[in-house]
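Remarks on the structure that follows.
Small disclaimer: the values here were computed from a predicted structure and weren't measured. Each chain gets a letter, A, B and so on, in the order its sequence line appears, and its residues count up from 1.
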Amino acid sequence: MPSRLLPPDFFIDAPDRVARGLLGKLLVRKPDSPEDETTVGRIVEVEAYFGVGDAAAHACSGKTARNAVLFGPPGRAYVYLIYGMHYCLNISCEPEGIAGCVLLRALEPIAGMATMTRRRGLRNYASPRLLASGPGRLCQAMGITRADHNGLGVTDAASVLTVVEDDYLLPQIDVTPRIGIQKAAERLLRFSIQGSRFVSKG
DNA sequence: CCAAAGATCTACT
DNA sequence: GTAGATCTTTGGG
């Protein structure tokens, strides 16, 4: 499988534009140990979060210890714990100093399904739909935690977590409101691949 | 210091 | 369809 990394400047752009651009790309997670496979998933659902002016964004009221990555360089993983038990993976965008990011909400599993199944604690992968459909499931399937992956650059060849190009004809994109938020809930900043069975229900 | 909310998921009725 | 798990972060007193 050819591995064409995204150029760093791919992420120097507004969150909604980066979000659209990420659809159809592949998220690649290298193994930590010999018994792990490389796990790969096609990005089928994302949400855009701005900084100042976006009441639903973590960065909305300025830089804090938790969200510091968002104010740093673009193309870095921002990982946080939600509801005391699930992680969510975002990728920072905009130039350094400006907080913007894209939340990765769902993947279509492409490779390493046995490892994803084990990480998820499922019996079998007869139903790959449940492997990485939803931000919490996605992180669990890819073995992503805040302690290990927050701040990692996804355009570094050496990184355990990268986004790569793929020969893939992108179908129509659905544009809908973001899921699970209370504020700014009417903004149309959720983007998903139309017709994909791997998009989360929300 | 304390309280409350949170970019969720699973299990069970 | 509804509830419960579980804990960090943040903002107010």
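- Once rounded to the nearest 0.5 Å, the distance linking OG of A/Ser192 with CD1 of A/Ile43 reads 13.5 Å.
- If you chain together ILVMFWY residues whose side-chain heavy atoms come under 4.5 Å of each other, A/Tyr80 ends up grouped with A/Val69, A/Leu70, A/Phe71, A/Tyr78, A/Ile82, A/Tyr83.
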Are any protein N/O atoms closer than 3.5 Å to N/O atoms in nucleotides 11-13 of chain C? If there are, list each pair with its distance.
unit_1, atom_1, unit_2, atom_2, d
C/dG11, OP1, A/Ser61, OG, 3.2

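- Applying the salt bridge (charged side-chain N to carboxylate O under 4.0 Å, His left out) test to every pair with at least one member in residues 18-31 of chain A, sequence neighbours left out, gives these pairs: A/Lys25-A/Glu165, A/Arg29-A/Asp32.
- Contacts of A/Glu96 classified as side chain to side chain contact (heavy atoms under 4.5 Å, CB included), with partners at least two apart in sequence or in another chain: A/Pro73.
- A donor-acceptor pair under 3.5 Å links the side-chain atoms of A/Thr145 to the main chain of A/Asp148, judged by distance alone.
- Of the residues in residues 112-119 of chain A, none lies under 4.0 Å from DNA chain B by heavy-atom distance.
- Every residue two or more places apart in sequence or in another chain that forms a side chain to side chain contact (heavy atoms under 4.5 Å, CB included) with A/Ile179 is listed here: A/Glu47, A/Arg105, A/Arg190.
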- Message: Could you write out DNA chain C as dot-bracket? Rules: Watson-Crick or G-U wobble, both distances under 3.5 Å, brackets [ ] for crossings, | for pairs with another strand, dot for unpaired.
- Response: |||||.||||||.

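- Grouping Ile, Leu, Val, Met, Phe, Trp and Tyr by side-chain contacts under 4.5 Å, direct or through others, leaves A/Leu130 on its own.
- Applying the ring-ring contact (aromatic ring centres under 6.0 Å, His included) test to residues at least two apart or on different chains, none of the pairs has a partner in residues 160-198 of chain A.
- In this structure A/Pro31 satisfies the side chain to side chain contact (heavy atoms under 4.5 Å, CB included) test together with A/Asp36, A/Thr38, sequence neighbours excluded.
- Looking at residues two or more places apart in sequence or on another chain, you find a side chain to side chain contact (heavy atoms under 4.5 Å, CB included) between A/Thr117 and A/Leu122, A/Tyr125, A/Leu131.
- Remark: of the listed residues A/Arg137, A/Arg129, A/Glu45, A/Glu45 is the sole one forming a side chain to side chain donor-acceptor pair (under 3.5 Å) with A/Ser200.
- Formation of a donor-acceptor pair under 3.5 Å by the A/Arg187 side chain with backbone atoms of A/Arg178 is not found in this model.
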- Using a cut-off of 4.0 Å between protein heavy atoms and nucleotide atoms, how would you tag nucleotides 2-13 of chain B 5' to 3' with B, S and -? ----BBBSS---

